[in-house]
Amino acid sequence: ILNIKTNKIFTDSFDKLIIGTGASAIIPKWKNVELESIHVLSVYGDSIAIKQKLDKKNIKNVTVVGAGFIGIELVEAFIRRGLNVTLIELGEHILSSFDQDIVIELQQHLIEKGVSLKLNEKVIKFEGKNKVEKVITNKGEYQTDLVIISVGISPNTKFLQNSNISMAKNGAIKVNNLMETNIKDIYAGGDCSLIYNLATKEYNYLPMGNNANKQGRVIAENINGSKFEFLGVLGTTVIKVIDMEAAKTGLTEKEAERLNKNYKTVMISGKNHAGYYPNPEKIIVKIVYEQDTYKILGASLVGRKDTALRINIFAVAIQSNMTTKELGFLDLAYAPPFAGVWDVVAVAANLAK
């Protein structure tokens with residue numbers, strides 16, 4: 001073991017060992033990536049450094065590279081500060097864990113709020129004397145005062161490369177449903193480990209704070225003598241995109257296709273509450289379900305007020321193996337300020353044919 005304070009290696013013994021080393025932001029080997037004012041947002045200190053730069057009031061143009069959850073949340077923060085924001089994404093659409101048809105309105109919303117959105121665009125290098133001044137891509141170049149790189153994270157497990165602990169290709173530690181590694185009395189959890197995905201029936205890398213907390217609870221139970229088996233997660237996620245919200249759980253359509261599921265989808269637009277009550281807002285609901293059994297496999301929502309938390313209905317439904325027909329007649333609460341007589345979730349489920 002390396003003592004980071006003394007930089008000396010020492011040996012110790014244990015009864016139980018827990019590996020919870022987390023993950024770090026990926027920094028591609030772009031030319032001049034070491035220039036000043038190029039940042040990642042991985043640990044608390046990163047956020048302080050970025051805020052200190054912004055507080056000097058000499059930052060006008062910001063470039064965010066990567067349109068995942070952290071990238072989108074940073075875009076909102078910069079827009080609310082009145083900055084000019086360019087968002088560069090290598091893929092075809094923002095939020096790659098969602099289906100493309102769900103994020104179309106989110107992309108339009110970002111553009112309407114002043115974001116310069118660049119999709120299918122690859123960063124090549126950065127330019128500047130000591131401080132970054134320009135981002136060069138395969139399609140153009142953009143003046144910038146600050147760059148945030150948000151293209152993903154990698155498990156902090158390099159120190160295990162010469163050990164006998166089994167790891168996935170990306171370095172995430174393989175565990176079972178007790179959060180045990182392949183070596184007796186060694187456990188792992190959080191962003192350095194895989195987690196069982198109930199939707200895909202696979203162990204996937206799903207680094208999320210709620211997942212890490214569940215894994216920590218399971219490990220604590222088991223090292224204290226219980227045999228606590230962790231069922232897994234559905235990859236339930238929510239995100240706020242300036243004035244809009246989005247959420248997903250279970251399989252997306254592209255995941256169902258990858259897994260060769262015999263599936264169908266239904267996608268509808270409804271309101272967050274009764275149409276005759278003041279200020280109704282649109283919600284789009286997409287359900288992925290088994291064609292023969294109508295069993296719900298996944299769901300996604302996008303809209304404004306009251307959208308995101310409706311995904312919890314689907315999370316419970318999927319984990320309970322409910323069908324669209326059962327969900328369509330679930331006894332959901334009704335009052336005009338909160339929902340229509342038929343909630344948009346039930347309407348979507350009842351339209352599954």
Side-chain angles (χ1 to χ4, degrees), residues 67-69 72 89 91-110 119-120 197-202 204 206 208 232-239 241 244-272 280-304 306-330 332 339-353:
F69 284 86
I72 294 294
E89 167 57 39
E92 295 181 350
H93 61 84
I94 67 170
L95 299 172
S96 61
S97 59
F98 285 76
D99 286 326
Q100 187 167 6
D101 53 7
I102 280 290
V103 302
I104 289 173
E105 293 205 14
L106 297 176
Q107 292 176 173
Q108 186 58 38
H109 182 58
L110 288 172
L119 299 174
N120 290 304
N197 189 331
L198 289 164
T200 64
K201 311 300 184 196
E202 302 167 333
N204 296 146
L206 299 172
M208 298 290 289
V233 298
L234 290 168
T236 306
T237 53
V238 294
I239 185 169
V241 184
M244 295 189 71
E245 303 172 3
K248 66 171 282 291
T249 190
L251 297 182
T252 58
E253 183 174 3
K254 59 187 174 185
E255 286 174 325
E257 187 174 354
R258 176 181 69 83
L259 294 167
N260 295 314
K261 296 285 186 179
N262 184 22
Y263 74 93
K264 292 182 74 174
T265 66
V266 60
M267 189 168 177
I268 68 111
S269 175
K271 301 294 184 183
N272 65 329
E281 298 277 9
K282 183 172 75 170
I283 296 178
I284 294 172
V285 180
K286 180 177 181 179
I287 304 176
V288 181
Y289 60 97
E290 284 186 347
Q291 183 171 343
D292 298 328
T293 66
Y294 292 88
K295 178 184 173 182
I296 301 168
L297 300 174
S300 304
L301 297 93
V302 64
R304 293 180 182 257
D306 303 327
T307 295
L309 289 181
R310 276 180 160 90
I311 201 66
N312 288 332
I313 300 171
F314 286 106
V316 173
I318 296 170
Q319 198 153 340
S320 301
N321 292 312
M322 291 179 68
T323 66
T324 55
K325 295 179 179 180
E326 291 169 334
L327 179 57
F329 277 82
L330 194 66
L332 300 176
V341 175
W342 292 93
D343 187 85
V344 62
V345 167
V347 174
N350 284 327
L351 288 175
K353 305 294 183 185

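The analysis underlying the following values was restricted to heavy atoms, covering all of them including side chains, and did not include hydrogens, waters or symmetry mates.
- Counting heavy atoms from C-beta on, the side chains of Leu251 and Ile318 never come closer than 4.5 Å.
- Looking at His109 and Arg304, their side chains come closer than 4.5 Å, going by heavy atoms from C-beta outward.
- For the pair Gln319 and Leu198, the minimum side-chain heavy-atom distance is below 4.5 Å.
- Across all their heavy atoms, Glu255 and Gly250 have their closest contact at OE1-O, 3.6 Å.
- Atom CD of residue Glu105 and atom CD1 of residue Ile284 lie 4.0 Å apart, to the nearest 0.5 angstrom.
- Thr252 and Lys248 get closest at one heavy-atom pair: CG2-CE, 3.4 Å.
- No salt bridge links Lys254 with Glu92; every basic N to acidic carboxylate O contact stays at or beyond 4.0 Å.
- The backbone N or O of Gln291 sits nowhere less than 3.5 Å from a side-chain atom of Lys261 that would complete a donor-acceptor pair.
- In this structure, Asp99 contributes its side chain and Glu253 its backbone to a donor-acceptor pair below 3.5 Å.
- Side-chain atoms of Glu89 come within 3.5 Å of backbone N or O of Ala67 as a donor-acceptor pair.
- Identified under the salt bridge (charged side-chain N to carboxylate O under 4.0 Å, His left out) test for residues 290-299, with sequence neighbours left out: none.
- The two residues Phe69 and Val238 have their closest heavy-atom pair at CE2-O, 4.0 Å.
- Enclosure of atom CD in Glu257 is not indicated, since only 12 or fewer non-hydrogen atoms of other residues, nucleotides or ligands lie within 6.0 angstrom.
- The minimum heavy-atom distance between Leu234 and Ala199, with the atom names listed, is CD2-N, 3.9 Å.
- Under a cut-off of 6.0 angstrom, the local environment of CG in Leu259 is crowded, with over 12 non-hydrogen atoms contributed by other residues, nucleotides or ligands.
- A distance of 6.5 Å separates OG1 in Thr200 from CZ in Arg258, rounded to the nearest 0.5 Å.
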Please tabulate, one pair per line, all N/O donor-acceptor pairs under 3.5 Å involving side-chain atoms of residues 339-351, not counting sequence neighbours.
from	atom 1	to	atom 2	distance (Å)
Asp343	OD1	Arg310	NE	3.2
Asp343	OD1	Arg310	NH2	2.7
Asp343	OD2	Arg310	NE	3.3
Asp343	OD2	Val345	N	2.9
Asn350	ND2	Gly328	O	3.2
Asn350	ND2	Ala346	O	3.2

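- The ring pair (Phe, Tyr, Trp, His ring centres under 6.0 Å) analysis of residues 280-304, with sequence neighbours excluded, yields the pairs Tyr289-Tyr294.
- Looking at heavy atoms from C-beta onward, Phe98 lies out of side-chain contact with Leu106 at the 4.5 angstrom threshold.
- Side chain of Gln107 to main chain of Ile94: a donor-acceptor pair is present (N/O by atom type, distance under 3.5 Å, no hydrogens or angles).
- Annotation for Lys286 and Ile102: closest pair CB-CD1, 4.0 Å, computed over non-hydrogen atoms.
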